[in-house]
Amino acid sequence: MYELVALASKISNIRQLRLFHGHLVHNSLHSHNYWVSLLLVICNRLHAHPAYVDSIFTSSPSPDASVYSYMLKYYSRMGAHNQVVSLFKCMHSLDLRPQPFVYIYLIKSAGKSGNLFHAYVLKLGHIDDRFIRNAILDMYVKNGQVDLARKLFEQMAEKTLVDWNSMISGCWKSGNETEAVMLFNMMPARNIITWTSMVTGYAKVGDLESARRYFDEMPERSVVSWNAMQSAYAQKECPKEALKLFHQMLKEGITPDDTTWAVTISSCSSIGDPTLADSILRMINQKHIVLNSFVQTALLDMHAKFGNLEIARNIFDELGSQRNDVAWNVMISAYTRVGKLSLARELFDNMPKRDVVSWNSMIAGYAQNGEAAMSIELFKEMISCTDIQPDEVTIASVLSACGHIGALKLGYWVLDIVREKNIKLGISGFNSLIFMYSKCGSVADAHRIFQTMETRDVVSFNTLISGFAANGHGKEAIKLVLTMEEEGIEPDHVTYIGVLTACSHAGLLNEGKNVFKSIKAPTVDHYACMVDLLGRAGELDEAKMLIQYMPMKPHGGVYGSLLNASRIHKRVGLGELAASKLFELEPQNPGNYVLLSNIYASSGRWEDVKRVREMMRKRGLQKLVGMSWVEYKGQVHKFIVGDRSHEQSKDIYKLLAELERKMKRVGFVADKSCALRDVEEEEKEEMLGTHSEKLAICFALLISEVGTPIRVVKNLRICLDCHTAIKMISKLEGREIVVRDNNRFHCFSDGMCSCHDYW
DNA sequence: TTAGGGTTAG
């Protein structure tokens with residue numbers, strides 16, 4: 001019998017295990033349950049395949065306590081927590097007395113309900129077992145009940161090193177640095193695990209310097225200690241340091257494990273240098289390392305980030321049954337990153353199990369690819385699921401989606417959910433809130449949120465500055481840059497784009513010039529803003545000079561600003577110059593052709609209007625399709641030119657026709673109808689009566705009560721004749737209409753518009 | 001039998 005045990009302890013792989021199994025069955029030397037237990041012990045050690053282990057277990061006709069106990073241990077190690085609990089209940093009902101170690105695994109698997117077993121263990125007298133006691137202590141720590149853990153810890157007469165270690169990791173888990181350090185200093189002895197816990201603890205609170213100090217002072221280090229320090233760097237956005245540490249550990253003769261490879265690969269993808277990644281991949285190939293699914297997933301993500309979508313998809317497909325949630329999520333975000341929303345959605349719909357990250361990836365994917373309404377719809381679906389809770393990331397995406405379509409009421413509804421579900425918002429959540437408010441025209445609220453923030457980053461400042469810019473508060477934007485410098489936050493190139501835009505919209509020419517001078521290394525975008533500022537202010541010749549002398553090649557944005565300024569100030573010649581450059585730089589952008597055509601139209605050059613339209617047709621360009629949104633009872637209604645898919649379409653078009661008749665009667669003729677006198681009759685029909693803004697406004701008129709202001713939101717610029725039409729509608733209907741155009745809000749009432757500077 | 005480390009979304 002002892003020979004058998006000795007033999008069993010030597011088994012080191014599954015093949016030997018199967019041979020041994022055959023030997024036992026063939027010779028049937030001992031009782032059935034005895035050798036089943038023996039096999040299960042080996043299965044636990046070798047992490048044998050679940051199907052095989054199950055077959056061993058079921059081969060026993062009447063399993064005894066020992067068989068049950070080892071099977072329970074196996075389930076627990078495999079993470080099959082439900083099986084553990086049901087097996088325990090089964091033993092209980094059969095009146096089988098579990099071996100003591102069963103309680104360790106039972107407590108591990110019980111999760112939040114592990115507390116129940118504390119009393120149970122006390123009653124059975126197992127509390128003196130130091131392993132079981134530690135399992136309880138550790139359970140409290142893992143459940144975040146550090147107070148209960150501390151109470152138990154203090155009661156212990158004899159504390160093992162493991163208990164101290166559990167307690168220290170509990171302190172870090174609850175963010176109690178002081179207590180962790182105190183325990184560390186009080187400990188009678190420390191081991192690698194103690195030191196490593198300190199490294200990860202400091203990393204978790206973001207104190208990389210202290211983490212490194214403990215790492216450097218460690219008397220000895222395991223591969224885990226190196227991994228802890230390396231991942232600390234990787235997670236705190238210091239991927240270069242992480243790679244440095246990787247090379248250092250190779251030099252010191254440490255053999256990297258799966259974790260090391262995963263962190264190293266993810267650091268390569270953060271740095272974004274494919275050649276660096278290649279050298280790591282060569283190393284893996286040379287060493288003939290078999291990568292586990294974690295590392296494969298990291299690799300998949302890296303290829304996706306480098307734009308190698310096909311390689312990424314191959315890895316995903318080859319992972320097969322080893323594919324975990326993360327692999328699905330990585331593949332989804334790989335697709336959303338490049339705008340392939342339908343492919344992403346297909347994966348999302350087919351996922352076996354969706355977690356918060358899956359939902360967040362898909363919601364953010366829609367929000368970032370101009371599908372704000374879809375993003376919000378998916379969020380609604382998400383909160384109707386009972387098994388999933390939105391977090392800060394979800395909220396940040398959804399708030400930004402609300403901002404993009406100017407849906408303020410939806411934004412309020414999202415905030416209600418934040419309160420209801422007690423979701424804690426951090427910097428990025430507040431940044432999205434600032435974005436949402438300023439995009440919806442509530443700059444005062446945006447400012448208020450900004451001021452209540454405890455810590456702000458450069459994005460917080462940039463978002464509010466752009467908010468000020470969009471709403472015409474130039475001076476506040478400039479002031480904010482000064483505050484920024486006072487708080488020690490370095491303005492970046494986005495900051496200056498915001499400030500220059502603010503100056504431009506508020507007509508602050510000299511202030512803008514000073515800002516421009518203060519930029520250390522202006523980019524081509526800053527030059528484009530400056531051309532816009534000079535151009536809008538009427539200094540078109542200076543703008544032209546600036547382009548001539550700028551140190552880099554101008555891009556479309558630079559000439560676009562010049563073209564727009566030429567339109568505002570009716571400088572046909574300059575407009576032609578800008579347009580000719582734009583037709584070279586971005587021949588496929590229909591907006592430039594439309595702008596030029598409008599410039600010709602406003603000076604009555606109909607032949608040229610026709611010529612530009614002909615040019616567009618030859619190059620196969622469609623004019624821009626405008627879209628408008630109306631927010632009504634938490635639903636966003638979208639309108640596209642000529643669209644008849646809305647359920648109230650019939651009424652909307654009826655109202656539209658009525659309004660146009662009324663307008664004609666009071667002498668209103670859309671400006672564009674002049675420009676289109678030589679255009680085909682049906683095209684005129686298409687371009688005139690059915691602009692998305694008009695549809696949206698008619699819908700708003702249909703649903704809103706008399707006397708309430710109508711709110712229409714839209715992302716594209718309102719065209720000239722629509723602007724006039726809305727003025728007329730506001731006069732005829734005696735209603736206030738608020739329309740958002742690109743970034744600004746236009747308030748129409750009694751035939752007047754309070755925001756004229758574009759026209 | 002216990003303790004430490006890994007991949008994803010903004």
Side-chain angles (χ1 to χ4, degrees), chain A residues 41 44 69-70 73 76-77 99-105 107-108 129-139 141-142 160-170 172 190-201 203 218 221-232 234-235 256-266 269 291-302 304-305 324-334 336-337 344 355-365 367-368 391-400 426-429 431-432 435 459:
Chain A
V41 170
N44 269 309
S69 299
Y70 286 115
K73 177 182 168 185
S76 173
R77 293 179 64 148
Q99 301 204 3
F101 72 77
V102 161
Y103 293 99
I104 295 170
Y105 294 106
I107 291 161
K108 267 175 92 78
D129 182 318
R130 60 203 169 102
F131 295 114
I132 296 177
R133 203 176 45 205
N134 179 262
I136 296 170
L137 183 71
D138 198 51
M139 179 263 306
V141 164
K142 292 227 159 73
T160 66
L161 180 52
V162 180
D163 296 322
W164 284 92
N165 285 343
S166 293
M167 207 48 222
I168 284 187
S169 85
W172 282 116
R190 305 178 189 101
N191 64 3
I192 298 189
I193 293 162
T194 327
W195 285 91
T196 310
S197 300
M198 295 304 279
V199 173
T200 48
M218 282 175 84
R221 300 184 194 104
S222 67
V223 64
V224 179
S225 325
W226 284 87
N227 291 343
M229 194 62 230
Q230 202 201 358
S231 68
Q235 276 164 12
D257 66 0
D258 288 326
T259 304
T260 323
W261 292 116
V263 176
T264 306
I265 289 170
S266 94
S269 44
L291 303 177
N292 74 4
S293 63
F294 271 108
V295 191
Q296 296 267 24
T297 309
L299 205 58
L300 154 58
D301 180 54
M302 188 183 78
K305 282 188 177 143
N324 55 20
D325 300 351
V326 181
W328 285 88
N329 294 342
V330 167
M331 203 60 229
I332 288 173
S333 52
T336 59
R337 205 176 288 128
D355 64 4
V356 205
V357 181
S358 329
W359 286 92
N360 289 352
S361 307
M362 204 60 231
I363 289 173
Q368 285 158 11
D391 64 5
E392 190 200 352
V393 180
T394 328
I395 299 303
S397 299
V398 179
L399 283 178
S400 117
I427 294 186
S428 61
N431 289 349
S432 296
F435 176 80
V459 181

So, for Leu291(A) and Val295(A), which heavy atoms are closest and what is the spacing to 0.1 Å? CD2-CG1, 3.8 Å

Answer yes or no: does a side-chain N or O of Lys108(A) lie under 4.0 Å from OP1 or OP2 of dA3(B)? yes

Met139(A) and Ile136(A): CA distance, side-chain angles, deciding distance, side-chain contact (heavy atoms from CB on, under 4.5 Å) verdict: CA-CA 5 Å; Met139(A) 179 263 306; Ile136(A) 296 170; 4.1 Å; yes

Check the phosphate of dA3(B) against Arg190(A), side-chain N and O only, distance under 4.0 Å to OP1 or OP2. Yes or no? no

Look at all strands and tell whether Asn431(A) reaches a base, only sugar-phosphate, or nothing, counting heavy atoms closer than 4.0 Å. nothing

At under 4.0 Å between heavy atoms, what does Val263(A) touch on the DNA or RNA strands: base, sugar-phosphate, or nothing? sugar-phosphate

Results of salt bridge (Lys or Arg N to Asp or Glu O under 4.0 Å) for Lys108(A) - residues two or more places apart only: none

What does Asp163(A) touch in the nucleic acid at a heavy-atom separation under 4.0 angstrom: a base, only the sugar-phosphate, or nothing? nothing

Those residues at least two apart in sequence (or on a different chain) that pass salt bridge (Lys or Arg N to Asp or Glu O under 4.0 Å) with Asp325(A) are Lys353(A)

Does a side-chain N or O from Ser231(A) land closer than 4.0 Å to OP1 or OP2 of dG6(B), or not? yes

Hey, does Thr200(A) reach any base, or is it just sugar-phosphate, or nothing, if we go heavy atoms under 4.0 Å? sugar-phosphate

Please work out if Ser222(A) contacts a base, only the sugar-phosphate, or nothing of the nucleic acid, heavy-atom cut-off 4.0 Å. base

Under 4.0 Å, heavy atoms only, any strand: does Ala396(A) hit a base, just the sugar-phosphate, or nothing? nothing

Reckon Gln368(A) touches a base, only the sugar-phosphate, or nothing at all at heavy-atom distances under 4.0 Å? sugar-phosphate

What nucleic acid atoms does Asn292(A) come within less than 4.0 Å of, heavy atoms only: base, sugar-phosphate, or nothing? base

